[in-house]
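Written below as structure tokens is the structure these notes are about.
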Amino acid sequence: MSATTLSFDAKAQKAAADAVEAAFERSTGFWSGVLRKLARDPVALVSAGVILLLILMAIFAPWIVPSDPYKTSMINRLKPIGTEHFPLGTDELGRDMLSRLMVGARLSLFMGITPVLIAFLIGSAIGILAGFAGGWLNTIIMRSIDVLYAFPSVLLAIALSGALGAGIGNALLSLTIVFIPPIARVAESVTTQVRGRDFVEAARASGAGGFTIVRVHVLGNVLGPIFVYATSLIAVSMILASGLSFLGLGVRPPEPEWGLMLNTLRTAIYSQPWIAALPGVMIFITSISFNLLSDSLRSAMDVKN
Amino acid sequence: MTDAHTPAAPKCPPSPAAAEAAGPSASAVGSATSTATTPVTEPAAGFATAATKVSDAHSPALASEPPIVSVRDLTVTFNPGKRPIKAVNGVDLVVRRGESIALIGESGSGKSVTLRSLLRLHSERRTVIGGQIDIAGHAVLSLSNRALADYRGRVASMIFQEPLLALDPVYTVGAQIIESIRRHEKISVADARKRALELFERVRIPSPERRLDAYPHEMSGGMRQRAMIALALACRPQVLLADEPTTALDATVQIQILLLLRELQRELGLAIIFVTHDMGAAVEVAERFAVMYAGRIVEEGPTREVMHNPRHPYTLALMQSRAHGAMAKGARLASIAGSPPDLAALPPGCAFAGRCVFAEPRCHEIQPDAVQLSELHRARCIRTDATAAGMPRIEPATV
Amino acid sequence: MDISSKPRQVHPPLIDIRDRGGPAQPMLRVRKLFKHFDLKKSFIESLAGGGQVVRAVDGVDFDVFKGETLGVVGESGCGKSTTARLLMHLIEPSGGEIIFDGETVGTPGLSLREYRRQVQLVFQDSYSSLNPRLTIEDSVAFGPQVHGVSRREAIGRARDLLARVGLEPRRFAERYPHELSGGQRQRVNIARALALEPRLVILDEAVSALDKSVEAQVLNLLMDLKDAFGLTYIFISHDLHVVRYISDRVMVMYLGKVAETGPAEDLFERPLHPYTGALLSSMPSMDPDQRTQEAPLTGDPPNPINPPSGCRFHTRCPMAEPVCAEQTPTLASVRGQRKVACLIHEIGSGHSQADAAIYAA
């Protein structure tokens, strides 16, 4: 035989490929495997269900609220839970709590998810670049990131929002900046790990350039873990956003938002403690659902299980 | 490995047996000390001859003595429930005092699982163990947790393939040995250190005084393996379980450790169960071979008989697939077709039948019983008549 | 150099247009290849200068002839795996020259990209060397696509190669690495290396992690493929039996240097370097009646961070004399195709046995 046997007759090859195409045993892909595992995990199902309900509630809130969330009524101030027309009572200005909680989900979820999503895109890009490049570029990028990382996230968010001024846009911006460093860190460490694996070496040995290697071999292996980490930040983001609103740096009254509601209701903590706690309960349910879902996602993505 | 570390750390409760054992082994340590000035690893010529006499003199006498390790119908199943993995399926094993036996097999043969069962190292939650294990009068499978802790290290202790994982990285090697001695024996730090030093000399670590104060990562691979052996011997066990102890070592270091194990077995009267995939290493250490496949011992006998006259088709194929002393260069190696069976779906008949060149239809139906080939040589195969002539040079299909 | 007399040699025929120098020209010439790693622990330390240097590969010279299998043996720290990565330019050499079929790698005559097409590497760890997120046909097809082959054609080629390495494409092509056994994954790695139609394949401990019975299957496969595609192999392993079996010539390395090279049978029958001899007698005997009585060497191989002066092996060498600590032996031809770096085999080296050994030769 000669060394040329490896040069394939392209036509014959195509014909052969066509012939076998239909008969191939399809193996389950990675992501469908993950979904299958998630579907078998009761915790994942419940938390995903809760999140789905919350999102649906947020989307359709304006049409399904039982009464106007902005309508104040001096005579109906701080009605207890279970009062007629006000199943969850009223706040300090006599507005329907149920309606306000439902509408409040819109801003709260938005403030929870959006900064994390943007930070996920920017942070992953920075981290993957640093991790894949290695060397001095890595040092420069990661040391700059560390400067931001050195501040406690709450403090950083407050300082940035304070400097930029109150308002939803500025709160979003400051939260995004707060979340970029941790995501970039995780992205960098996962990428550095993958970069050291033999299959990346093998890709380099076959002459592939850096961009191709990142696209084909790195992204698929790092985006999953980064995404899992990012979902766990959604809960943090919601709590930070609530905190900013609580301090008057985020959403402004009379806009319903859970953090802000917690703030304004604090005066009622002695007269109607249950009502004052309601926005906190919503924040708690939402953040714990995101955390549980990201935990389940993490274990479902572990190939070894 | 990590979870194995804690239980494997020798614990030596004060016991009459330990005190008794102190006499002879202390003298053995003494003799090693005197030779420590000569080049470190070579056993002095005197050793070998003396040792041979010892083992020769013992074998007939020992036959009447009850065995120190006796395993009956051991079964180990992981992950009971949905998809049970039957890792060990009825292993019978008898080891006499001072005897060394090699459990040989490839990955998935159940050799390491069997070994770990002897110290009950498997997670109790996910493992079901059946059968009986008796080691020096201890019914291992029914020991209470406390008794188990006493048993581990004192009666039987274990050395691993990768000492770096089995030794604690934050303590010096000496501190780990001293701690394990002092945990259960009421002796002073100074005395414990003296004993640790003797152990280091015993396993022939050069400049032992200095090495006692070294951290595991500061030692080379061979030194670490010696240190782990010293740690395993700290409480004077009667049985040493070795799980691929030389696999990760370089060739020139591996042979040193193999010779050390042989020497320790002879001089301390240790029973050694040596788990390996490497027949060559096993030949150097073991007097008896037990070849495992799919959780069963398929052939068992004195090393010489198994090596010169293998009768189970798997043993035969294993020996012929080695490139060692290969036939004419360029000749193809006799490979075993296929791959080992799925332990979660074992066939009803002989597990090797699917890859066996001698297989008959009934091999796939019944589980073969052990055939007694000589006084001590047994094989679980119904075609031992065919294997007597050796392996036909058939080229099995590669998959 | 008559390599055509070897029974298994199958020369790439002259119609291989990539063959520039003909069969007499070595496929690969390696000259004074160096790799020193700086061990600077921190920024401050690097400012202070100094720092330790690992001499992983320290001036290695060797040739690989067309159509042969060169076995490379040695213990941990001898630099055999670093050499493999240097040959692939996966790590940059600190110095030295790699000449592939008459052209220096990295010059206009032979770009790194073109060179990597003709030289491929198979790794030891069959799992780590496959991307867990890609099907095996995608892994095999990746290389050709990098070099401009259409995806469709690359997949076709991948399936053909999978069939050649004994993995029925219908059953295996679209599986993921974790669904295969170790032996099957190593077959995939071999197929992946062959997908670029290389002329030289470097096998870095490629069968070491496999069970013996599977190892035999893969060794048989490697020999079949070598004949079928006219390949040249560099076979790196710590297992002397396997190296002896598969190699035409063998190179023994110790602490970043070549100790000895020569035709496999001759080298294993009559080792010249004391290290080769020790390595050979360290192999377990396989005969219960001829057990090893004495370990040929004591201690572990020294650390390449501060290698011994003179001959690197003198600290463990049973034949060492004071001169060995001072004088560095050169790798020189002794007889036939044998080369050895040992003062015993150097005329006038000052070693007491030098002249006797040369006289005997």
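Every chain is numbered from 1 and lettered A, B, ... according to where its sequence line falls, protein lines coming before strand lines.
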Which residue out of C:Met283, C:Glu168, C:Glu75 racks up the most heavy-atom pairs below 4.5 Å with chain B?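 Top count of heavy-atom pairs under 4.5 Å with chain B: C:Glu75.
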Without swapping roles, check the side chain of [X] against the backbone of [Y] for a donor-acceptor pair under 3.5 Å.
X: C:Arg291; Y: B:Val283; result: yes
X: C:Asp300; Y: B:Gly222; result: yes
X: B:Asp250; Y: C:Ser76; result: yes

Sequence neighbours left out, what passes salt bridge (Lys or Arg N to Asp or Glu O under 4.0 Å) with C:Asp239? Give chain and number order. C:Lys212
Proximal component of B:Met307, with respect to chain C [non-hydrogen, under 4.5 Å]: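 For B:Met307, the contact with chain C is made by the side chain alone.
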Heavy-atom distances under 4.5 Å only: say whether B:Ala286 touches chain C with side chain, backbone, both or neither.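 Backbone only.
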Run the side chain to side chain donor-acceptor pair (under 3.5 Å) check on C:Thr298 and B:Arg204 step by step: do they pass? CA-CA 10 Å; C:Thr298 60; B:Arg204 304 180 165 235; over 6 Å; no
Which heavy atom in [X] sits nearest to a heavy atom in [Y], and how many Å separate them?
X: B:Arg262; Y: C:Thr292; answer: NH2-O, 2.6 Å
X: C:Ser282; Y: B:Ala251; answer: CB-O, 3.6 Å
X: C:Ala295; Y: B:Leu259; answer: N-CD1, 3.2 Å

State, yes or no, whether a side-chain contact exists between B:Ile255 and C:Pro296 at a heavy-atom distance under 4.5 Å.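 The answer is yes; the side chains approach within 4.5 Å.
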Answer yes or no: is there a side-chain heavy-atom contact under 4.5 Å between C:Asp287 and B:Arg304? no
Heavy atoms only, distances under 4.5 angstrom: which of B:Leu258, B:Leu249, B:Val285 has the most pairs with chain C? Name it, please. B:Val285
Tell me, out of B:Gln254, B:His277, B:His308, who's got the most heavy-atom pairs with chain C below 4.5 Å.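 Among B:Gln254, B:His277, B:His308, the one with the most close pairs to chain C is B:His308.
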